[in-house]
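Beneath this line is the structure, given in structure tokens, with notes to follow.
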Amino acid sequence: MITKLDRSGSVEKLGILLDEMAQHAEVQSILVLACDANGYTPEAVDAILRRVSVPLFGGIFPEIIYEKEKLSQGLIVAGIADRAEVQVIPRLSDVQADYSAMIDDSRTSGDTKTMIVFVDGLARRISALVEALFNVFGLQFNYVGGGAGSLSFQQKPCVLTNAGLVQDSAVLATLPTASGVGVSHGWTDIAGPFEVTESDRNVIQTLDWKPAFEVYRSVVENHARKPLTAGNFFEIAKSYPFGIIKLGTEKIVRDPLMVQDENSLVCVGEVPQGVHVHILTGDVHSLVCAAGRALLLGQQCFSALPQCRTTLFIDCISRTLFLEEQFNRELEAVYQESVSLIGALTLGEIANSRRDYLEFYNKTSVVGVLEG
Amino acid sequence: MLSAEQLQLVLYEISLSIGSSFELQPMLRQALSTYLRTLNCSAGGVFEWCEDAQDRRSLQAACIIPRSFPRNPAYGTILRLLPSPADDAERTRFMQSLPLVSALPDGYCHVMPLGDFGLIFLVTMHHELNTLIIKSLARLNNKLAAACHACRQSDALQAGEEKAIEEHRRQQAILDTVQAGIVVIDAETHTIIEANPAALRLIGAPKEKVLGRVCHGFICPAPPGRCPVTDLHETVDNTERVLLNADGREIPILETVTRVVLGGRDVLIGSFVDITGRKQMEEQRRAKEMAEAANEAKSAFIANMSHEIRTPMTAILGFAEVLLEAEGASQTAQEREQAARTIKRNGEYLLTIINDILDLSKIEAGKMDVERVPCRPCEIVSEVSALMKGKAREARLSFEVEYAGPVPETICTAPARVRQILINLISNAIKFTDRGAVRLVVRFADEPPEPTLQFDVMDTGVGISQEQIGRLFQPFMQADASMTRAYGGTGLGLVISKRFANMLGGDVVLVESQPGRGSCFRASVAAGDIRRAKWINNRAGTVPPAEDRHADPPAPSSTALRNCHILFAEDGPDNQQLIALILRKAGAEVTVVENGQQAVQAALAARDGGRTFDLILMDMQMPVLDGYAATRLLRQRNYTGPIVALTAHAMASDRDKCIQAGCDDYAVKPIKREALVGTILKHLANTAGEPLLPPR
């Protein structure tokens, strides 16, 4: 995989890098990871994206990772030697959308080994899409990807495709590229279980038939020893995600973002009505260990030649917010000498190593070890 | 590994996911996804027991997740676990072996029963679901099976509903497009509960103004309580009826009404088509047929008249020729007399025909007046009887008159017309009877609307069939054409009689008739005011002595008009010669002129010369100046001598016209010698004494 970093993240540079990469003889597909701070708009970049002659996919994230560094501005353009089959799934917040019907499974073949998925992280039916991906494709290949978007939590165009910069959509790229995927988060229970008695997609309304915020605040204030209000919600809640019970693996983490209508909690990713959740917390050590574990699991699943690989690190932006200055320890945990490391700090993560039910995660480290 | 508490939560979540929909596929996808997610399975599916055409039970995939899993080799391995449809014992053994766990190349397949619906399988990649989980899932699986059955029933219901909806749409489409009007009416309340567009078009009102209305007086002319179907229990099946439209106009329809129970409601379904066009066509056809029939009848009548006129004419002309040739030949006086009498009889018959035609023409034109005067019915009967007895005798039939009960001595009617009616009926009876008798029964009938005198004419003749009865009393028709040929006659007698009877407040009807056994016709005429009438009980039917009308009246004496000078105005040479001869033979001196102008000149000249004619006999239709004008002119010139009109117009109105012109009397052509002489004598006498006619 050929990777190029531009720290300016300018539109002009985007065009130059894409043109160069598209003309590279060994490049069949292009992955683009860009920073929200670059300020890309469809008006500015669509023409550039549309002139790219090879399949293109990617996203705009709060921050991106290049080697052992996270950048809040700039862009990474990665040229992949395999040709990707790319499809864009729109209407990612539409309750009427039937994603199983919208996904075209004829584009995959027996050679497909990996699907890289980027979604609008602030769309409201990401879990439905992920469930549809599982219902259509199952575990016939590895999945790795995450949610694009802005930490402003304002939904805007953030998914990069050959058609342009789009919003409320997902881009699916299937590749014959071998991969191994590891997933781990390092969060542990402090309270629960609580039944999600009422929810609307990514909004938890009641837990055990009580206002969700009331239940959550009671636990968190007791643990954090700080008052929790709508005003300081994210500052404190970033350390106390929800965990959905899952058999045989870690809990599925759901990151509460804000309080809505005084009593409901808005999360990144759907929380189905009827599931049971725990309130989790973590520390620097557990999170850093989880990142290292994710790398380990990814490597264990990778069956290609070890000397020819790239690490794609999809890490939740809330982990950086939680770890703050300690975040570089996570980067060190997943960095390997002589292996390219690129990645993004995302709004939710998508991963599967052909073992577990496909899930949309929050606050989780996902390491994709890619061939090439 | 799940703790017991976590397992309970997982099971709870799975339980909640079951039955989220009444459609099988969405319900199974939802539940199975939850199974897979919470139990961290890589694939799963539900198989359903189905029966093939040979009633063999086999397992068919109802829902598989992921969709691509059937392409996975592991799926083939799972299918091979399933029993063969043909082997019941194997199927039983297989179901008894459940739940089972089977190793796959890279995982495990867990197969569990779903009640009697089928089975569920779950595939895990790296962990085997332990026995506790499998056992714990059993109750959820039963719940899922029940939900699957519920969905299938719902599917069946929905399919039934869809079929019903489809059927409803189909019926609606038919109702909307069919050209026949269809209405559905509540049989109890008679409110209209449905009407298709064709019905609304015919009714001429929108649906909202039709539905809910009671049909009586709205679309059906029958009043409430007189519904042909529900009240009168009539069968309305392709029946011609009338539909009232919104404007109250009556539209002829062909209707069928069926009474059925729909949805527990007793309703009438009426279907109908507008037959206005057909009716108009029928009317036109009927009119055309009537016109054709009338033409045909008139043609037949003309042919018949031609025959009836030519026959006596043949006799008249033939015998006249014989008489002419007989001059000087060896004809005896008796033979000559016989020839002359034949000519006279046939001439009289011709006159009868002409009178009939004239009568009918006047009746048909509405110009026949009848003047009712007090008269004695027994005298009329007596006169008719006297006349008809002779005819019956000639036909070798007996003729009897019978009075059934007392009759008024006097009634108020037109005696001549009554006489004519009776003569017609009795003549017919005699004509159509070969042997036996003809009877006239007279009775008084005090029946509403007014008392009448009834005359039953019974014969033992050929009779009339039912088919022939329909043609009776039709102008220009006898019972059938063959009768005309066999018996002769114009067929006008019955028609004229019926018309006269109608004009006299009565009728002529056929009381009964049997072919071969005879007929009975009844003529009736209103009796008028009989409160002061005397009653005659004339059971024996005695009549005054009959005058033999067949006997010729005595010829006037050759001196009856002696010394009488008559001015005779006539343009026709034959009539000039004939009438002048009659007058001269009666002793008169006759001056003949050829037109009215000559008559005026001659009459005034004679008066002015002091030699006034004793009488002027004035033909009314003449060239130059006709009789009417000539008479008026003479009266204007103060000519006071008697003027007797001579005309071929035999109607009363013609007589009036002559009198109004100034004539004193009226003689009708053809001239009967004695009548003419008698009339002249009467006026000659008046000249000497009192005038015959009242002053005008």
Side-chain angles (χ1 to χ4, degrees), chain A residues 98-101 103-110 112 127-128 130-141 143 174 183 189 192-197 199 208 243-252 270-278 297 300-301 352-360, chain B residues 1-3 5-20 25-26 28-45 63-75 104 106-108 110 122-130 132-133 136-137:
Chain A
D98 180 356
Y99 302 120
S100 293
I103 294 169
D104 180 4
D105 58 350
S106 67
R107 296 189 183 193
T108 61
S109 66
T112 302
S127 289
V130 173
E131 186 174 292
L133 286 172
F134 179 80
N135 287 345
V136 173
F137 299 115
L139 300 180
Q140 55 183 304
F141 36 72
Y143 299 82
T174 49
V183 182
D189 302 355
F194 304 102
E195 183 185 353
V196 178
T197 43
S199 71
D208 292 340
I244 303 171
I245 297 168
K246 186 175 182 181
L247 184 64
T249 186
E250 288 184 318
K251 291 183 175 64
I252 310 302
E270 288 168 80
V271 184
Q273 198 165 293
V275 303
H276 288 79
V277 295
H278 287 76
L297 291 170
Q300 286 174 350
C301 294
N352 188 281
S353 57
R354 303 185 65 189
R355 291 173 61 85
D356 297 315
Y357 187 87
L358 183 62
E359 291 282 4
F360 180 62
Chain B
M1 179 65 69
L2 284 175
S3 67
E5 183 189 28
Q6 287 176 326
L7 177 59
Q8 287 303 312
L9 297 176
V10 165
L11 296 175
Y12 180 72
E13 189 182 341
I14 293 172
S15 178
L16 286 179
S17 71
I18 295 171
S20 60
Q25 285 297 324
L28 277 178
R29 273 202 301 274
Q30 173 79 22
L32 202 53
S33 292
T34 309
Y35 270 80
L36 299 185
R37 180 170 52 74
T38 55
L39 297 171
N40 199 17
C41 299
S42 59
C63 182
I64 303 292
I65 294 177
R67 196 162 75 195
S68 60
F69 187 63
R71 296 200 295 268
N72 190 311
Y75 187 70
L104 298 173
D106 52 357
Y108 302 91
H110 310 77
L122 300 172
V123 175
T124 54
M125 297 293 282
H126 53 81
H127 61 287
E128 180 183 336
L129 300 178
N130 63 33
L132 177 63
I133 295 174
S136 302
L137 287 174

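FYI, side chains are in, hydrogens and waters are out, and symmetry mates aren't considered; it's all heavy atoms of this structure. A, B, ... follow the sequence lines: proteins, then strands. Residue 1 opens every chain.
To the nearest 0.5 Å, the span separating CD1 on B/Ile64 from CG on A/Asn135 amounts to 11.5 Å. The NE2 atom of A/His276 sits 12.0 Å away from atom OG1 of B/Thr38, with the distance rounded to the nearest 0.5 Å. Interatomic distance, A/Thr197 OG1 to B/Leu16 CG, rounded to the nearest 0.5 Å: 10.5 Å.
Pairing each heavy atom of B/Ser68 with each of A/Phe137, the nearest pair is OG-O, 2.9 Å. Here the closest heavy-atom approach between residue A/Ile103 and residue B/Arg67 is recorded as O-NH2, 3.4 Å. Here the shortest heavy-atom pairing between B/Ser42 and A/Leu139 reads CB-CD1, 3.0 Å.
Here B/Glu13 is the residue among B/Arg71, B/Arg29, B/Glu13 with the most heavy-atom pairs under 4.5 Å with chain A. Chain B forms more heavy-atom pairs under 4.5 Å with one residue of A/Pro193, A/Pro272, A/Ala132 than with any other, namely A/Pro193.
Between B/Arg37 and A/Phe134 the shortest side-chain heavy-atom distance does not fall below 4.5 Å.
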